[in-house]
Amino acid sequence: MNLFADIRALVIDSLVTLTAEGVLPEGLDFANVAVEPPRDASHGDMATNAAMVLAKPAKANPRAIAEALSAKLAADDRITVAEVAGPGFLNMRLAPVVWQQVTAAALAQGTDFGKSDLGQGTKVNIEYVSANPTGPLHVGHTRGAVFGDALASLLAYSGYDVTREYYINDAGAQVDVLARSVYLRYLEANGKEVAFEDGTYPGDYLIPLGQALADIKGDSIVDAPESEWLEEIREFATDAMMHLIRQDLAMIGIEMDVFYSEKTLYGTGQIEGAITALEKQGLIYQGTLPPPKGKLPEDWEPREQTLFKSTDHGDDVDRPVKKSDGSWTYFAPDIAYHYTKIERGFDMLIDVFGADHGGYVKRMKAAVSALSAGEVPIDIKLTQLVKLFKNGEPFKMSKRAGTFVTMRDVIEQVGPDVTRFVMLTRKQDAPLDFDFAKVTEQSKDNPVFYVQYAHARVHSVLRKAVEAGINVDAVTLQAADLSGLTHEAEIDVAKKIAEWPRLVEIASRTNEPHRIAFYLYELASEFHGLWNRGNEETQLRFIQEGDDATSQSKIALASAVAVVISAGLGILGVNPVEEMR
RNA sequence: GCACCCAUAGCUCAGCUGGAUAGAGCGCUGCCCUCCGAAGGCAGAGGCCGCAGGUUCGAAUCCUGCUGGGUGCGCCA
């Protein structure tokens, strides 16, 4: 039940009626008519801009339209007041019964309250994490992982058919580096002195791999040339790394639907196929790119390459798909990979990249646009850096030195729930400060705690009610008579609950799961406020001694809050707690 | 040099794809526990929404140009 959609439907109906009656001219477009909560609560429960939007095309005074609309709306039972304000706003006040109905709907639908068919089964592919299989996930990956996963859940909740996908970069030079690094560890396990020079991964996490290899191989390839072991060790090492990465992901509750290997694009004609598809459109040519303006790289010299005319699809310069030696650039298999997404029948693509891939966005969009004839939209979300702090002291990570902070480190210290929530309390394109001390603090300074606390308080009430012999099982609460919930403080909580479906819709349309986190904070705030008013005004307490029926209605409201919090946390991938410890 | 992202209270950030007097938390000043958990709540002070133009009935939001910060810029992935 989306109250805002219901009221908007009522407004549109009224406008249609007014058109039929000749008050409004025929053929007006109502698409821009919005029904939203006014910023200032004193203006009422809902406001519509209908009169202002229609004034110009209807060639009429906005206030006059608003007056006419007001008369129609006031006839509906749900609306107690519909008054014209300002330049032509129509402010509506809704009857208490409306809020009681919303509360009942939330209880009846449980965590499905807020689900919609907005997506209409649209097949959407969300690619996220996609970290190189050269080591464990670090904090930077964590943000993209959490963001992508929450977005996937959000879209699924809104009726999209979601596929969570991870692209394994297991074919580039970086996996050769991995193989050589593992080989060094293997030599080490065989008692050799080795040096980790630039261009190798010195991290400790490869030591067990070297040992495992030594256990299998003994010293048989200690003196062998690279050509004899490279391929085998590469395979061995990337498999091991992907195993590690899956474990890391599992720690934070992420399970991918598809792991897509870059390697499988080679030797199967898929890269060639994708490039041919572009070629047929005349978008592939031999050419020489102009040098980057400004500071010229020392070793720059003009070279002829195979280029993709991405400028035809909104890019700034054309991009090479082949290096000057004729081998594919990284971009080529990426084009082929996205081509497979189109061919696999996805209607919509979302890529979640780290901010350092910002320069990649336009060419990827250009490729998808060209390959799908503009039919498949692609949204690319860049996640900004996570700055780590410990007691206010920042600490850095350096992959080269092998001293980066892993996702595992973070999860082990603060837990998956806190990590996920904190990383979602910021827009993904803004940098995030993550302070180990602060995120585990139990105070309202910490939004995770604050929201969890509200949920726990509801369950505390439920426990107390049971102790007091009040029946608060789900069926009883759903059947409770809520007509007594008329106090302003209670209505305010119900109003917040009513916003949930609308909020979900907005978050889905914008691909912005952080809105869920902020909403939950606001809902928790309303609930804490009501709770505390019970201190002074005892009639607002949830448990009314000797009056089970009243208690049940108030507890029903509290339970509705818990249901929505639970649904919201579910989208974020956070487990609601029933008790604080 | 070019492209993308960002700029909102002392600090950290929201702001519902253009709405009315721009909101939270922290910090600061007060107040509220005999009371379902005060791990909370209430109130107050605090703003040229980076600057300058433009579009509009109406702009923090859209457009243009600046300023300042981040990221990236052929033969890495």
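These numbers come from the heavy atoms of this one structure, side chains and all, not from hydrogens, waters or symmetry mates. Lettering of chains follows the sequences in order, A, B, ..., and the numbering in each one begins at 1.
- Looking at heavy-atom distances under 4.0 Å, A:Ile543 makes contact with a base.
- Of the listed nucleotides (B:A77, B:G74, B:U17), B:G74 has the atom at the smallest distance from the side chain of A:Pro320.
- Checking B:C32, B:G74, B:U17 against the side-chain heavy atoms of A:Glu536 singles out B:C32 as nearest.
- Contact of A:Asp356 with B:G72 (side chain to base): no donor-acceptor pair of N or O atoms is detected under 3.5 Å.
- Nucleotides B:G74 and B:A9, compared at atom C1', are 47 Å apart to the nearest Å.
- In this structure, the nucleotide among B:A77, B:G40, B:G19 sitting nearest to the side chain of A:Tyr330 is B:A77.
- Taking the ring centroids of A:Tyr128 and A:Phe147, they lie at or beyond the 6.0 Å cut-off.
- A:Arg515 comes within 4.0 angstrom of the backbone, heavy atoms only, and of no base.
- Here A:His43 packs flat against the base of B:A20; its ring centre is closer than 5.5 angstrom to the base's six-membered ring, tilted by less than 30 degrees.
- Between A:Glu499 and A:Lys496, at least one side-chain nitrogen of the basic residue sits less than 4.0 Å from a carboxylate oxygen of the acidic one, meeting the salt-bridge criterion.
- Side chain of A:Thr419 to backbone of A:Gly415: a donor-acceptor contact under 3.5 angstrom is found.
- In the set B:A20, B:G19, B:C36, the nucleotide with an atom closest to the side chain of A:Met52 is B:G19.
- Pair assignment for B:U29: B:A43, on the basis of Watson-Crick or G-U wobble contacts that are both within less than 3.5 Å.
- Regarding contacts with the backbone of B:A77, every side-chain N or O of A:Tyr337 stays at 4.0 angstrom or more from both OP1 and OP2.
- Using a 4.0 Å heavy-atom criterion, one finds that A:Pro62 contacts no nucleic acid atom at all.
- For the C1' atoms, the distance from B:G15 to B:U55 is 22 Å, rounded to whole Å.
- Each of A:Arg319 and A:Glu579 lies near RNA chain B, and the nucleotide nearest A:Glu579 is the one positioned closer to the 5' end.
- Two residues, A:Ala355 and A:Thr425, neighbour RNA chain B, and the one matched to the more 5' nucleotide by heavy-atom proximity is A:Thr425.
- The closest side-chain donor-acceptor pair between A:Tyr330 and A:Glu262, if any, does not fall under 3.5 angstrom.
- A:Phe449 comes within contact range of at least one nucleobase, with a heavy-atom separation under 4.0 Å.
- Comparing B:C36, B:A20, B:G40 against the side chain of A:Arg457 picks out B:G40 as the nearest.
- The pair A:Asp176-A:Arg234 meets the salt-bridge criterion, since a charged nitrogen lies less than 4.0 angstrom from a carboxylate oxygen.
- For the C1' atom pair drawn from B:A24 and B:C16, the interatomic distance equals 15 Å after rounding to whole Å.
- With rounding to whole Å, A:Gln384 atom CD is found 9 Å from B:C6 atom P.
- As a whole-Å value, the separation of A:Met423 CE from B:C13 P is 14 Å.
- Closest contact between the side chain of A:Trp531 and the listed nucleotides B:A20, B:G25, B:A38 involves B:A38.
- Judged by atom type and distance alone, A:Arg502 reaches the base of B:C16 through a side-chain donor-acceptor pair under 3.5 Å.
- OP1 or OP2 of B:G15 has at least one side-chain nitrogen or oxygen of A:His514 nearer than 4.0 Å.
- Contact annotation: A:Lys427 side-chain N/O to B:G15 OP1/OP2 distance is under 4.0 Å.
- Residue A:Arg533 has no polar side-chain atom (N or O) positioned under 4.0 Å from OP1 or OP2 of B:C32.
- Looking at A:Arg515 and A:Glu512, a side-chain N of the basic residue comes within less than 4.0 Å of a carboxylate O on the acidic one, giving a salt bridge.
- Phosphate contact (OP1/OP2 of B:A77, side-chain N/O of A:Lys323, threshold under 4.0 Å): present.
- Nearest nucleotide to the side chain of A:Asp433, out of B:A20, B:G74, B:U12: B:U12.
- With a 3.5 Å ceiling on both atom-pair distances, B:A38 lacks any Watson-Crick or G-U wobble partner.
- Of the possible polar contacts, one joining the A:Arg363 side chain to the A:Gly359 backbone as a donor-acceptor pair under 3.5 Å is found.
- Across all strands shown, B:A7 forms a Watson-Crick or G-U wobble pair, both distances under 3.5 Å, with B:U67.
- For B:G44 and B:C6, the P atoms lie 34 Å apart once the distance is rounded to whole Å.
- Taking the P atoms as reference points, B:A22 lies 39 Å from B:U34, given to the whole Å.
- Nucleotide B:C49 is matched to nothing when pairs are restricted to Watson-Crick or G-U wobble geometry with both distances under 3.5 angstrom.
- Stacking is found between A:Phe89 and the pyrimidine-like six-membered ring of the B:A20 base under the 5.5 Å centre-distance and 30° plane-angle cut-offs.
- Taking atom NZ on A:Lys438 and atom P on B:G27, their separation rounds to 9 Å, with Å as the unit.
- Taking the C1' atom of each, B:G68 and B:C31 are spaced 43 Å apart, rounded to whole Å.
- Separating the CD atom of A:Glu499 from the C1' atom of B:G15 is a distance of 13 Å, rounded to the nearest angstrom.
- Results of the salt bridge (charged side-chain N to carboxylate O under 4.0 Å, His left out) test with A:Lys362 over A:Asp318, A:Asp316, A:Asp315 single out A:Asp316 as the only residue that passes.
- In terms of polar N and O atoms assigned as donor or acceptor, the side chain of A:Asn91 comes within less than 3.5 Å of the base of B:A20 in a complementary pairing.
- Comparing the same atom, P, in B:G54 and in B:U61 gives a spacing of 14 Å after rounding to whole Å.
- If you take CG of A:Leu530 and P of B:C32, they are 22 Å apart, rounded to a whole angstrom.
- For the pair A:Tyr360 OH and B:A77 P, the interatomic distance rounds to 9 Å; values are reported in whole Å.
- In this structure, A:Lys56 reaches the B:C57 phosphate: one of its side-chain N or O atoms is under 4.0 Å from OP1 or OP2.
- Checked against B:G41, B:A20, B:A24, the side chain of A:His528 finds its nearest nucleotide in B:G41.
- In this entry the distance linking CG of A:Asp429 with P of B:U71 reads 15 Å, nearest Å.
- Taking the C1' atom of each, B:A45 and B:G27 are spaced 12 Å apart, rounded to whole Å.
- Residue A:Lys464 has its side chain nearest to B:C36 when only B:G19, B:G15, B:C36 are considered.
- Contact detail for A:Tyr201 and A:Ser181: the closest heavy-atom pair is N-OG, 2.8 Å.
- Base-pair partner of B:C62: B:G54 (Watson-Crick or G-U wobble, both distances under 3.5 Å).
- A:His487 and A:Asp492 are not linked by any side-chain donor-acceptor pair at a separation below 3.5 angstrom, with hydrogens and angles left out of the test.
- Base pairing analysis places B:A24 opposite B:U12; the two distances defining the Watson-Crick or G-U wobble pair are each below 3.5 Å.
- Base pairing annotation: B:G72 forms a Watson-Crick or G-U wobble pair with B:C2, both donor-acceptor distances under 3.5 Å.
- Side-chain proximity of A:Lys362 to the nucleotides B:A20, B:A3, B:G41 is greatest for B:A3.
- Counting any heavy atom pair closer than 4.0 Å across all strands shown, A:Ala468 reaches no nucleic acid atom.
- Across all strands shown, B:U17 remains unpaired; no Watson-Crick or G-U wobble contact has both distances below 3.5 Å.
- What separates CD of A:Glu83 from P of B:A20 is a distance of 17 Å, to the nearest Å.
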